[in-house]
Enquirer: 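I'd like to ask some things about the structure below.
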Amino acid sequence: MPAPKGIVLSDLDWVDRVAQQYRMDNLDLAAGSIVLERIESAGGRCFCYPDGSWLIGLSLPRFQRCGRSGMESILAHELLHAWLWSRHRYTGHGPVFLRHASVRGIPRWCPPTHDGRGQNSRQLLLFDI
């Protein structure tokens with residue numbers, strides 16, 4: 001999977017607020033970056049590199065439809081990947097990820113409006129159990 005390319009998100013205050021809200025203490029924001037990319041297949045994705053750095057790609061089309069409040073759970077999900085990587089070199093959606101997501105209240109599902117089709121549309125899965 002190629003690394004995200006797009007507009008670098010410069011509002012690190014929002015990113016830091018989400019990291020703090022979901023109790024990802026000491027997440028080194030300088031070790032990573034967030035890019036708004038033109039993907040529709042996922043709300044976001046996180047790339048973890050051997051040197052401890054990380055790169056998050058968020059869907060620009062979904063960001064444009066939903067705004068920051070609508071993308072917050074997706075950002076929290078991807079930041080958890082970055083946090084687990086930077087602290088424990090853990091990747092994936094296995095039991096460690098699920099436990100940390102549950103403890104922090106990171107939702108398993110996106111709200112239905114994230115896919116742009118309205119309230120009655122099928123919810124998008126953030127991660128599988």
Side-chain angles (χ1 to χ4, degrees):
M1 183 181 319
K5 295 179 182 172
I7 303 163
V8 175
L9 183 67
S10 59
D11 186 0
L12 295 182
D13 289 338
W14 176 55
V15 176
D16 187 50
R17 185 185 57 74
V18 171
Q20 294 304 314
Q21 176 183 342
Y22 290 97
R23 299 183 319 275
M24 288 176 256
D25 301 326
N26 303 317
L27 176 62
D28 183 4
L29 294 180
S33 60
I34 299 173
V35 173
L36 298 173
E37 58 177 333
R38 296 198 170 279
I39 58 168
E40 286 280 354
S41 59
R45 50 198 190 142
C46 184
F47 295 82
C48 302
Y49 300 105
D51 67 357
S53 65
W54 47 270
L55 176 61
I56 291 174
L58 293 177
S59 169
L60 177 60
R62 288 188 192 178
F63 191 85
Q64 290 169 331
R65 285 193 305 265
C66 304
R68 290 179 188 181
S69 62
M71 292 293 289
E72 190 169 283
S73 61
I74 293 171
L75 176 60
H77 174 97
E78 301 307 335
L79 286 173
L80 182 56
H81 282 298
W83 186 83
L84 286 170
W85 175 248
S86 66
R87 297 188 53 108
H88 306 291
R89 293 300 191 259
Y90 183 86
T91 61
H93 293 110
V96 172
F97 183 90
L98 292 174
R99 184 175 65 250
H100 281 277
S102 177
V103 166
R104 288 169 171 75
I106 296 173
R108 180 174 180 224
W109 300 95
C110 293
T113 55
H114 277 208
D115 68 4
R117 294 180 299 206
Q119 293 294 330
N120 296 322
S121 61
R122 194 170 140 234
Q123 293 178 328
L124 298 172
L125 185 64
L126 284 178
F127 53 93
D128 291 319
I129 294 181

Enquirer: Using 0.5 Å steps for rounding, measure from the OH atom of Tyr22 to the CZ atom of Arg17.
Expert: 9.0 Å

Enquirer: State the CD1-OG distance between Ile56 and Ser33, to the nearest 0.5 angstrom.
Expert: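 Between Ile56 CD1 and Ser33 OG, I get 8.5 Å after rounding to 0.5 Å.
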
Enquirer: Quickly, which of Arg45, Arg62, Lys5 forms a salt bridge (Lys or Arg N to Asp or Glu O under 4.0 Å) with Glu37? Name it, please.
Expert: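 Answer to the salt bridge (Lys or Arg N to Asp or Glu O under 4.0 Å) test with Glu37 among Arg45, Arg62, Lys5: Arg45.
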
Enquirer: Distance under 6.0 Å and angle within 45° of the ring axis: does Arg89 meet both against Trp85?
Expert: yes

Enquirer: Looking only at heavy atoms, what is the nearest atom pair of Val15 and Leu75, with distance?
Expert: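 Minimum heavy-atom contact is CA-CD2, 4.2 Å.
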
Enquirer: Which value, rounded to the nearest 0.5 Å, describes the distance between Asp11 atom CG and Arg68 atom CZ?
Expert: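 That separation rounds to 4.0 Å.
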
Enquirer: Show me the donor-acceptor pairs, under 3.5 Å and distance only, between side chains in residues 23-31 and residues at least two apart or in other chains.
Expert:
from: Arg23; atom 1: NH2; to: Val103; atom 2: O; distance (Å): 2.5
from: Asp28; atom 1: OD1; to: Ala30; atom 2: N; distance (Å): 3.1

Enquirer: Whether the side chain of Ser59 engages the backbone of Ile39 through a donor-acceptor N/O pair (distance < 3.5 Å, no angle test) should be reported.
Expert: yes

Enquirer: Assess whether ring-ring contact (aromatic ring centres under 6.0 Å, His included) is satisfied between Phe97 and His77, documenting all intermediate values.
Expert: CA-CA 9 Å; Phe97 183 90; His77 174 97; 5.0 Å; yes

Enquirer: Calculate, to the nearest 0.5 Å, the distance between atoms OH and NE2 belonging to Tyr90 and His100 respectively.
Expert: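 One gets 9.0 Å once the value is rounded to the nearest 0.5 Å.
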
Enquirer: When rounded to the nearest 0.5 angstrom, what distance separates OH in Tyr49 from CG in Leu55?
Expert: 4.5 Å

Enquirer: Under a 4.5 Å side-chain heavy-atom rule over Ile, Leu, Val, Met, Phe, Trp and Tyr, are Trp54 and Leu36 clustered together?
Expert: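 Yes; tracing contacts between hydrophobic side chains, which count when under 4.5 Å, links both residues.
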
Enquirer: Yes or no on side-chain contact (heavy atoms from CB on, under 4.5 Å) for Gln21 and Arg104, after CA distance, side-chain angles and deciding distance?
Expert: CA-CA 9 Å; Gln21 176 183 342; Arg104 288 169 171 75; over 6 Å; no

Enquirer: Who pairs with Asp13 by side-chain hydrogen bond (donor to acceptor under 3.5 Å, both in side chains), at least two apart in sequence or on another chain?
Expert: none

Enquirer: To the nearest 0.5 angstrom, please state how far the CE atom of Met71 sits from the CH2 atom of Trp14.
Expert: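 Rounded to the nearest 0.5 Å, the CE-CH2 separation comes out at 6.5 Å.
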
Enquirer: For residues Glu40 and Pro61, report the shortest heavy-atom separation together with the two atoms involved.
Expert: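 So the two residues come closest at OE2-CB, 2.9 Å.
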
